[in-house]
Number of protein chains: 2
Amino acid sequence: MIPDEDFDARAADAALTASRALMGVVARSVAGVLEIVTLPQFRVLVLLDTSGPLRMGVLGEAIGVLPSTLSRAIDRIVEAGWVRRTTRPASRREVLIELTPAGQNLVTHALEQRRDNIADILSVLSPDQKSAIVSAFELFARAAGETSSKDLLILGI
Amino acid sequence: MIPDEDFDARAADAALTASRALMGVVARSVAGVLEIVTLPQFRVLVLLDTSGPLRMGVLGEAIGVLPSTLSRAIDRIVEAGWVRRTTRPASRREVLIELTPAGQNLVTHALEQRRDNIADILSVLSPDQKSAIVSAFELFARAAGETSSKDLLILGI
DNA sequence: CACAACAATTGCAAGCATACATTTATGGCG
DNA sequence: CGCCATAAATGTATGCTTGCAATTGTTGTG
């Protein structure tokens, strides 16, 4: 009989290896984008994609940078055409940041490419194997619990 | 009967979700390090960890930066104590870069933390579930093929 | 040995992120 | 209405990365 620790260790190692494979997929999907925008800039775009338009304060809080840092970062990506500043009539001292269609495209495209890459990898497997992977991945994701967006933003996901 | 495309789509989605969970783990393990060294600097350390001591030229080629960029980057992480410059007696125009014990620790610690985080997640599962995950992850990693270090370096893995 | 090829570094310059302090505009409250 | 709090932007400064061009030191070759 196999001792529990050994079994657990093998499980963790397998997950680590799979994580390398998955990260490779992610890295490739991000690589293209990083030739267009910087990682901190991409983080902003991803956050706006998942959360919709946000105030400067909220946005800065979410990605963990000071207001002054964010203000200048927004300057640059507004200049580049990925986002837009909107002053809300209700409270004219608050500034809403929202994705432009171009910015939306940029994020959507990166996510779609990642999904396609994964589909490519799975395409060589038999239906049985695929279904085993689906169950296992769903199981793992559930065990991991809600992955906080904050963590993922570090990598610009 | 379920059409193939639907099934494939669900598989890719499950993999995507699992990838978010795994990347959360990776992100957390990287987050701590990024308060100590920058991402490009961490890339250098990770590469030296997996490849051993490297010449400036090879190192620059591997992480895709110009020699001048690398030279100054090395200046800084030498100054910080993570790596060491070694002039090889055999060819005095070549400079070998190698991790110091401190640099080695930094990388090792980040990887260990990632592995521990994964083990934590798996700890709530039953042996059967764990074994299903192990098989599925091993299967996926094999299907993904060799993940090039070059890709992974983008994210500093 | 002289000269070309190579390895690494340095000079010079730009862009980006970041931080702290200050300023401007606006909103809320007594 | 006047004052204070709030939201964002600016002034100022530092450090990292990146790029192109020029330089220094070293190796190998004719």
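Proteins come first, then strands; the chains are lettered A, B, ... in the order of their sequence lines, and each starts at number 1.
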Asker: Are the side chain of Thr50(A) and the backbone of Leu47(A) linked by a donor-acceptor contact shorter than 3.5 Å?
Answerer: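 Side chain of Thr50(A) to backbone of Leu47(A): a pair is present.
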Asker: Measure the distance from CD1 on Ile63(B) to P on dG19(D) and round it to the nearest whole Å.
Answerer: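 Rounding to the nearest Å, CD1 of Ile63(B) and P of dG19(D) are 11 Å apart.
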Asker: Taking all non-hydrogen atoms of both residues, which atom of Met56(A) and which atom of Ser71(A) are closest, and how far apart?
Answerer: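 Heavy atoms only, the tightest pair is CE-CA, 3.6 Å.
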Asker: Could you walk me through whether Arg43(A) and Val46(A) satisfy the side-chain contact (heavy atoms from CB on, under 4.5 Å) test, starting with their C-alpha distance in whole Å, then the side-chain angles of each, then the deciding distance to 0.1 Å, before giving a yes or no?
Answerer: CA-CA 5 Å; Arg43(A) 284 199 263 265; Val46(A) 169; 5.9 Å; no
Asker: To the nearest angstrom, how far is Glu35(A) atom CD from dT18(D) atom P?
Answerer: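 Spelled out: CD on Glu35(A) to P on dT18(D) is 12 Å.
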Asker: Nucleotide range of DNA chain C contacted by chain A, 5' to 3', under 4.0 Å to a heavy atom?
Answerer: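 Going 5' to 3' along DNA chain C, contacts run dC16(C) to dG27(C).
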Asker: Who passes salt bridge (Lys or Arg N to Asp or Glu O under 4.0 Å) against Arg92(B), sequence neighbours left out?
Answerer: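 Partners of Arg92(B) under the salt bridge (Lys or Arg N to Asp or Glu O under 4.0 Å) test: none.
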Asker: Mind checking salt bridge (Lys or Arg N to Asp or Glu O under 4.0 Å) for Arg93(A) and listing every partner two or more places apart, or none if nothing turns up?
Answerer: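 Per chain and number, Arg93(A) pairs via salt bridge (Lys or Arg N to Asp or Glu O under 4.0 Å) with no residue.
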Asker: Would you call Arg84(B) and Pro101(B) a side-chain contact if the rule is heavy atoms closer than 4.5 Å?
Answerer: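 Yes; the side chains approach each other to less than 4.5 Å.
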Asker: In a check of side chain to side chain contact (heavy atoms under 4.5 Å, CB included) between Ile97(B) and each of Leu70(B), Leu48(B), Thr86(B), Leu54(B), which one passes?
Answerer: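 Exactly one option meets the side chain to side chain contact (heavy atoms under 4.5 Å, CB included) with Ile97(B), and it is Leu48(B).
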Asker: I need the CG-P distance between Leu66(A) and dA7(D), as an integer number of Å.
Answerer: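 The distance from CG of Leu66(A) to P of dA7(D) comes to 15 Å, rounded to the nearest Å.
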Asker: Please report the distance, rounded to the nearest Å, between CG in Leu39(A) and C1' in dT17(D).
Answerer: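 After rounding, the gap between these two atoms is 14 Å.
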Asker: Could you give the angle between the helix axes at the two ends of the helix from dC1(C)-dG30(D) to dG30(C)-dC1(D), with five pairs per end, rounded to 10 degrees?
Answerer: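 One end's axis against the other's: 0°.
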Asker: Taking all non-hydrogen atoms of both residues into account, name the closest pair between Ala110(B) and Phe42(B) and its distance.
Answerer: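 That would be CB-CZ, 4.1 Å.
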Asker: Can you give me the closest heavy-atom contact between Ala136(B) and Ala132(A), atom names plus distance?
Answerer: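 Minimum heavy-atom contact is CB-O, 4.0 Å.
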Asker: Using modelled atom types and a 3.5 Å cut-off, is there a donor and acceptor pairing between side-chain atoms of Thr100(A) and backbone atoms of Trp82(A)?
Answerer: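 Checking the backbone N and O of Trp82(A) against the side chain of Thr100(A), a donor-acceptor pair under 3.5 Å is found.
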Asker: Would you say that Leu45(A) contacts Val33(A) through its side chain, given a criterion of any heavy-atom pair below 4.5 Å between the two side chains?
Answerer: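 Counting from C-beta outward, Leu45(A) and Val33(A) never come under 4.5 Å.
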Asker: Check the hydrophobic clustering (I, L, V, M, F, W, Y; side-chain heavy atoms under 4.5 Å; chains of links allowed) and say if Leu96(B) and Val107(B) are grouped together.
Answerer: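 No; tracing contacts between hydrophobic side chains, which count when under 4.5 Å, never links both residues.
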Asker: Quick one: what's the B/S/- string for nucleotides 25-30 of chain D, heavy-atom cutoff under 4.0 Å, read 5' to 3'?
Answerer: BBS---
Asker: Keeping Ser123(A) on the side-chain end and Asp120(A) on the backbone end, is there a donor-acceptor pair under 3.5 Å?
Answerer: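 At least one qualifying donor-acceptor pair exists.
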Asker: Which residues within residues 67-83 of chain A lie with some heavy atom under 4.0 Å of an atom in DNA chain C?
Answerer: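 Ser68(A), Thr69(A), Arg72(A), Arg76(A) - these, ordered by number, are the residues of the stretch whose heavy atoms sit under 4.0 Å from the strand.
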